[in-house]
Amino acid sequence: KQANDTETCVQLYEKGVEAYLENRFIDCVDYFEKALEKYRSYTKKLQNCRLQCKYEAELSEPLYPVDIENLLFYEKAIRQTLCIVKCKKENSEIFGNFNINQEMEKLFEDQKPYEYLHICYFQTGDVMKAASSAFTYLVSHSEDKVMQSNLKHYSSLKDVNMKEIVNFEANDYVYLYVHGADAYERKDWKTAETNMEESLGAYLQTEEEYHFAFCLKCKQKCKKRLGSLNGEIHEDLLPSHYHYLQFIYFKMGNLRKACQAVASYLLFFPDDDVMLSNMKFYSALPKFQDDYFQPREEAIRYVQREHYETRILKFINTEFKFKLSTQDSYEAKPNFRVIMTEKQLQGPKRFVSDGLATTKECRSLIDVAKMFAVLGDGYKGKKSPHSILEKFEGITLSRALFLVYFRLLSPKYLELYLKVTEKVRKHVQEYFKIKETLYFSYTQLVCRSALPDSPKNRTDFSHEVHADNCNILENGMCEKQPPAYIWRDYSAILYLNNAFEGGEFIFSKDRTAKQIQSIVVPKCGRLVAFSSGGENLHGVKAVTKGSRCAIGIWFTHDSKYADEDRSVAYHVLENGINFHLFSSIDISSLKTDINLN
Ligand SMILES: O=C(O)CCC(=O)C(=O)O
Ligand SMILES: [Fe+3]
């Protein structure tokens, strides 16, 4: 069977999997290669639309000659958005043909095809490609033990030359940079120069492609992602280009360009000793002229933009703090009440309250979860992190923010999410009489549902007994070490419904739940809160029927771990995204299939 050209990415992918399962390895290779090729041309096309639209919006003649109240900024944003919509429409046969949904996109972004491909290559005798596929997968999943041992195995084969293994998904600049650095080592200055300059250009271009999106925080994350050279993280990849270039140009006898590279590097690291002494050295040379230390244009632009972005982020953070305190004083009188204390719960630093959310609020939040939750969101993409008999659907604050930003969700739901979680924060702070600032570290709306064929008489746990900021050891001690979230100081779970069976929250003395201290039965508006350490071992019993929804909230005293998404969310809510171009979905008009009681 041959893959034909009209098949969509999804079809090709699925056929690839099928061929793999049926041991038709030649077909498997064929389908996956074609699927990857299709996916690549899809992302390229999309990036082209974005870039082209960005430049078009930049260069367009403003609709009005004077920029009043920054309307020009909005005009450009609108132009760009409409242009992208148009570009997609005009290429509809191409984009339509891809038929790529979010799920598929995630599979490709996750390099899933290589998990199959390496085996199919191996089976068809193409061991070099098998090794490269395993390597490609490892670049973004460096911890994957199975793939590590696969690659190790491949590397031991006589037909595999480790030097020739490639990352099939590397960005262009990665190769240019690596080749540039190689040529540099060989003192082949001309080749080094060409590669480094091209790598620099490609890097900035790639970054711009990733950057089209709003969020400043993503931009900072993006830098990390781009800084990965086949899995090794280089924090300073961009400036390091200038480090290479200054020496290359010096060796090539171009003192002006060497000095420009020095000045560019110093924009990023003004106190760098090596570069400062290079500067001295160059300026003492007879050919040196006074105006040589001009940073290059793209470097100036980059650094300025970065400074600007950092300032905006800082500004949002300080503004937000101020607003919170005034907002607080307007809060209506709370009507919640503590129903269980340390005494009833049989342990320290814990309590249960009722009335933290109204029936209507619970309903709305569940609707959001049911409409937009992603399987495993907040659990690093694992569908059922704790039980294979249950389905986890979650929505994190950052996803809610994203949905609002892209007008898929009405901002009032984001507002509600922030409001109820803030109510919880205040209550926890007051109840425990906490003097220090209590920051949100992470919040997550999760529904756990029994899968249709899960047995009714399950005795396992939906979430086994654990502590939130330490790892329980064999001897019963709780060790405050990663991978535990050691910065978490207080935990709170706000329940949204009770239309399910099982799913009780328990406090336990030991990690096997032999000595249960107390049980909390969830219901809308009920809160259980506790200090996050080993003194509060807890778990969730299996959900045997229905769907159990709750908001998990973790607090920290350490501002380093404060959730930045929260300040961005307040900013988005207050300043709006009022292009009035698209209406967002008000989900209250849509029915979901879950009951509150
Ligand atoms: O959902 C619950 O009741 C508790 C969940 C929990 O303990 C956790 O996510 O750490
Ligand atoms: Fe927990």
Side-chain angles (χ1 to χ4, degrees), residues 339-340 345 347 349-354 356-357 362 365-366 369 373 376-380 382-387 389-397 420-421 424 428 440-450 460-472 478 480 482-511 513 516-544 546-556 561 563:
I339 60 161
M340 288 169 103
L345 294 168
K349 288 267 191 186
R350 46 178 92 160
F351 74 92
V352 176
S353 283
D354 268 353
L356 277 114
C362 289
L365 289 164
I366 291 176
D377 191 22
Y379 287 101
K380 303 210 173 110
K382 289 196 194 94
K383 267 189 204 163
S384 297
H386 310 296
S387 165
L389 300 169
E390 289 174 21
K391 177 174 84 169
F392 267 69
E393 289 169 307
I395 183 163
T396 52
L397 181 61
V420 297
T421 48
V424 168
V428 170
F440 284 96
S441 170
Y442 192 60
T443 61
Q444 176 193 39
L445 170 52
V446 193
C447 298
R448 306 160 188 254
S449 315
D460 61 328
F461 275 70
S462 167
H463 198 150
E464 74 284 6
V465 172
H466 64 281
D468 285 347
N469 75 10
C470 52
N471 310 306
I472 314 177
C478 206
K480 223 169 159 178
Y485 303 106
I486 53 171
W487 55 88
R488 291 181 175 177
D489 294 308
Y490 289 91
S491 311
I493 317 284
L494 175 65
Y495 297 106
L496 300 177
N497 73 329
N498 58 351
F500 53 85
E501 285 170 19
E504 297 92 349
F505 174 99
I506 59 146
F507 281 115
S508 171
K509 209 168 152 64
D510 63 315
R511 67 165 172 176
I516 292 181
Q517 297 167 315
S518 48
I519 295 178
V520 180
V521 178
K523 72 173 230 188
C524 166
R526 182 163 288 171
L527 173 81
V528 56
F530 46 92
S531 56
S532 308
E535 66 283 7
N536 272 309
L537 303 186
H538 61 281
V540 180
K541 288 190 160 179
V543 177
T544 52
S547 194
R548 175 198 194 264
C549 301
I551 303 182
I553 309 164
W554 289 272
F555 302 104
T556 179
Y561 290 99
D563 184 0

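Counting starts at 1 for both ligands and their atoms, in listed order. Positions are given from 1, in the same order as the sequence printed here. Since the model is a prediction, treat every value here as computed from it, not as a measurement.
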Looking at D563, T421, L445, which hits side-chain contact (heavy atoms from CB on, under 4.5 Å) with L397? D563

Once you round to the nearest 0.5 Å, how far does CZ of F555 lie from OG of S532? 9.5 Å

Can a donor-acceptor pair be found between the side chains of H538 and R350 at a distance below 3.5 Å? no

What atoms of ligand 1 come within less than 4.0 Å of a heavy atom belonging to Y495? 2 (C), 3 (O)

Considering only heavy atoms of H466, which atoms of ligand 1 have at least one such atom less than 4.0 Å away? 6 (C), 7 (O), 8 (C), 10 (O)

If I take every N, O or S atom of H463, is at least one of them less than 2.8 Å from the Fe ion (ligand 2)? no

Enumerated ligand 1 atoms positioned under 4.0 Å from heavy atoms of H463: 5 (C), 6 (C), 8 (C), 9 (O), 10 (O)

In D468, the N, O or S atom nearest to the Fe ion (ligand 2) is which? OD1

Among H538, R448, Q444, which one has a heavy atom closest to atom 5 (C) of ligand 1? R448

Of the options Y490, F507, W554, which is the one that meets F530 in a ring-ring contact (aromatic ring centres under 6.0 Å, His included)? F507

Keeping S462 on the side-chain end and V543 on the backbone end, is there a donor-acceptor pair under 3.5 Å? no

Show your working on side-chain contact (heavy atoms from CB on, under 4.5 Å) between S518 and V520 and close with a plain yes or no. CA-CA 7 Å; S518 48; V520 180; 5.8 Å; no

Between D468 and ligand 1, which residue portion shows a heavy-atom distance shorter than 4.0 Å: side chain, backbone, both, or neither? side chain

Where's the contact between W554 and ligand 1, heavy-atom distance under 4.0 Å: side chain, backbone, both or neither? side chain

